[in-house]
2 protein chains.
Amino acid sequence: MPELRTGLHHLYLRDEDLRLGIELLFYAYRDFTAEPDRMLDEIGLGRAHHRAIYFVGRYPGINVGELLAILRITKQSLSRVLGELVRKGYISQRPGNVDRRQRRLELTEMGAALERKLSENQRRRIAAAYRAAGPNAVEGFRRVMLGLIDERDRGKVAGEPVRPMPATAARR
Amino acid sequence: MPELRTGLHHLYLRDEDLRLGIELLFYAYRDFTAEPDRMLDEIGLGRAHHRAIYFVGRYPGINVGELLAILRITKQSLSRVLGELVRKGYISQRPGNVDRRQRRLELTEMGAALERKLSENQRRRIAAAYRAAGPNAVEGFRRVMLGLIDERDRGKVAGEPVRPMPATAARR
DNA sequence: CAAAATACGTCAGTGATGTTGACATATATG
DNA sequence: CATATATGTCAACATCACTGACGTATTTTG
């Protein structure tokens, strides 16, 4: 269906084109995470903490279940990470208004500062790549990346926040 | 300099544009690795093994130092992974002709079969994303991804293999 | 040719991140 | 009230990474 719009069903993909795609993902991700990892290491945190901090910053008030759905790790893993972040004062929590079983998570001032510091690095890298590649390339980048993501999560990344929604939301 | 060519120095990047980029990378990488990870798990291997197998398949005859430069892990980590792969019969090794200190690595039949199986999955995902996005988007994707990679490795991914080169090559 | 550098390996210890499984508690819902 | 949900905890374990120290074979160099 989308193929018809643009006539792309004829796109000829050589093995090498696909290999290049695989490698681009490997190298880009490797370099994209390297510097934040180093910074985190200095304060005794790791990439898992970064991810939690990032998404709590992105969706203030997010609860544990929603975060689990994004990160796709076990609650035990997340619990450890989240516990450390709360203990160290990067994340605050309080029960939900409508569903008091939930822990609604937010960044503290300190957490927000760390989040900015970490993602500033990544933003800079992305901004440089975007600028060097140009607006058309950026649009193409987005289309392809979105296509790489599992269909059910494309909406999530495209903008609509994982809003808690009056109780019992995350039950997809 | 590249900005002048295309006049992109005016590209206006909102905070949200950059956030989207960060998230695209997170989600795409998460989903890109999920299925191979599951397959590997069944045969008692992990993502680290996949990476080694992939790059040995990509550069037959690659030596340990070159592989280390690509993966950016310690030799102790790589040694473990490589040792397992050799013991289990996925990778064969023999000393280099010109420098006999080197271990030149190659996939066995079995290793090549596993490599195909694993990356077939990733190829399919990439091919689908490419086809849905169209050739222009693919070109843009490549430009941006390349820009995200550390400059010194852009050549590597763009095609030129990490060829051993008559002795003393990898000393960048 | 002897000394130094290189390619690679190993042993030992540690830490971060993930997993499974079992069980507990508070709250919500039908 | 019975059941489902949101979350947590304890325990054990695997994978993948790291640091540091040291060893051997081979190549390069003064």
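Side chains are part of it too, since the values below use all heavy atoms of this structure and drop only hydrogens, waters and symmetry mates. What you are looking at is a predicted structure, and each value in this text was computed from that prediction instead of being measured.
Using a 4.0 Å cut-off, no side-chain N or O of A/Thr74 falls inside it from OP1 or OP2 of C/dG18. For the OP1/OP2 pair of D/dA17 and a distance below 4.0 Å, the side-chain nitrogens and oxygens of B/Arg51 include at least one atom meeting the criterion. Considering only side-chain N and O atoms, A/Asn63 lies under 4.0 angstrom from the phosphate OP1 or OP2 of D/dT7. Checking the phosphate oxygens (OP1, OP2) of C/dT19, a side-chain nitrogen or oxygen of A/Ser77 falls inside 4.0 Å. The shortest distance between the side-chain N/O atoms of B/Arg38 and the OP1/OP2 oxygens of C/dT19 is not below 4.0 Å.
No hydrogens or angles were tested; on distance alone, nothing pairs the side chain of B/Gln76 with the base of C/dG13 as donor and acceptor under 3.5 Å. Between the base of C/dT6 and the side chain of B/Arg101 there is a donor-acceptor pair shorter than 3.5 Å.
The CG-P distance, from A/Leu45 to C/dT17, rounds to 8 Å in whole Å. If you take CD of A/Gln93 and C1' of D/dA6, they are 13 Å apart, rounded to a whole angstrom. One atom, CD of B/Gln102, and another, C1' of C/dA5, lie 15 Å apart when rounded to the nearest Å. Counting to the nearest Å, the P atom of D/dA14 and the CD atom of B/Glu42 are 18 Å from each other. One atom, CD of B/Glu84, and another, P of D/dC16, lie 7 Å apart when rounded to the nearest Å. C/dA16 atom C1' lies 13 Å from atom CG of A/Leu85, rounded to whole Å. A straight line from CZ of A/Arg87 to P of D/dT9 spans 11 Å, rounded to a whole angstrom. The nearest whole Å value for the distance from the CG atom in A/Asn97 to the P atom in C/dA28 is 11 Å.
Ring-plane geometry between A/Phe141 and B/Phe141 is classed as parallel, the angle between the planes falling under 30 degrees on a 0 to 90 degree scale with a further cut at 60.
Ring centroid separation for the pair A/Phe26 and B/Phe55 comes in under the 6.0 Å cut-off.
Within a 6.0 Å sphere centred on CZ of B/Arg72, other residues, nucleotides and ligands contribute more than 12 heavy atoms.
For A/Ser79, counting side-chain heavy atoms from C-beta on, the closest listed nucleotide (D/dT9, C/dC8, C/dT19) is D/dT9. Closest approach to the A/Ala48 side chain among C/dG18, C/dT20, D/dC22 is made by C/dG18 (side chain taken as heavy atoms from C-beta onward). Checking D/dC16, C/dT19, C/dT27 against the side-chain heavy atoms of A/Arg100 singles out C/dT27 as nearest. Distance from the side chain of B/Asp99 is smallest for D/dT26 among the nucleotides D/dT7, D/dT26, C/dT19.
Side chain of B/Arg154 to main chain of B/Leu146: a donor-acceptor pair is present (N/O by atom type, distance under 3.5 Å, no hydrogens or angles). Of the possible donor and acceptor atoms, one in the side chain of A/Asp17 sits under 3.5 Å from a partner among the backbone N and O of A/Arg14.
Place A/Gly46 and A/Lys75 on DNA chain C by their nearest nucleotides, and A/Gly46 ends up nearer the 5' end. Nearest-nucleotide positions on DNA chain C place A/His49 closer to the 5' end than the other of A/His49 and A/Gly96.
With respect to B/Ser119, the side-chain hydrogen bond (donor to acceptor under 3.5 Å, both in side chains) criterion is satisfied by exactly one of B/Gln122, B/Lys117, B/Arg116, B/Arg123: B/Arg123.
Among the heavy atoms of the strands lying under 4.0 Å from A/Arg80 is at least one base atom, whether or not backbone atoms are also near.
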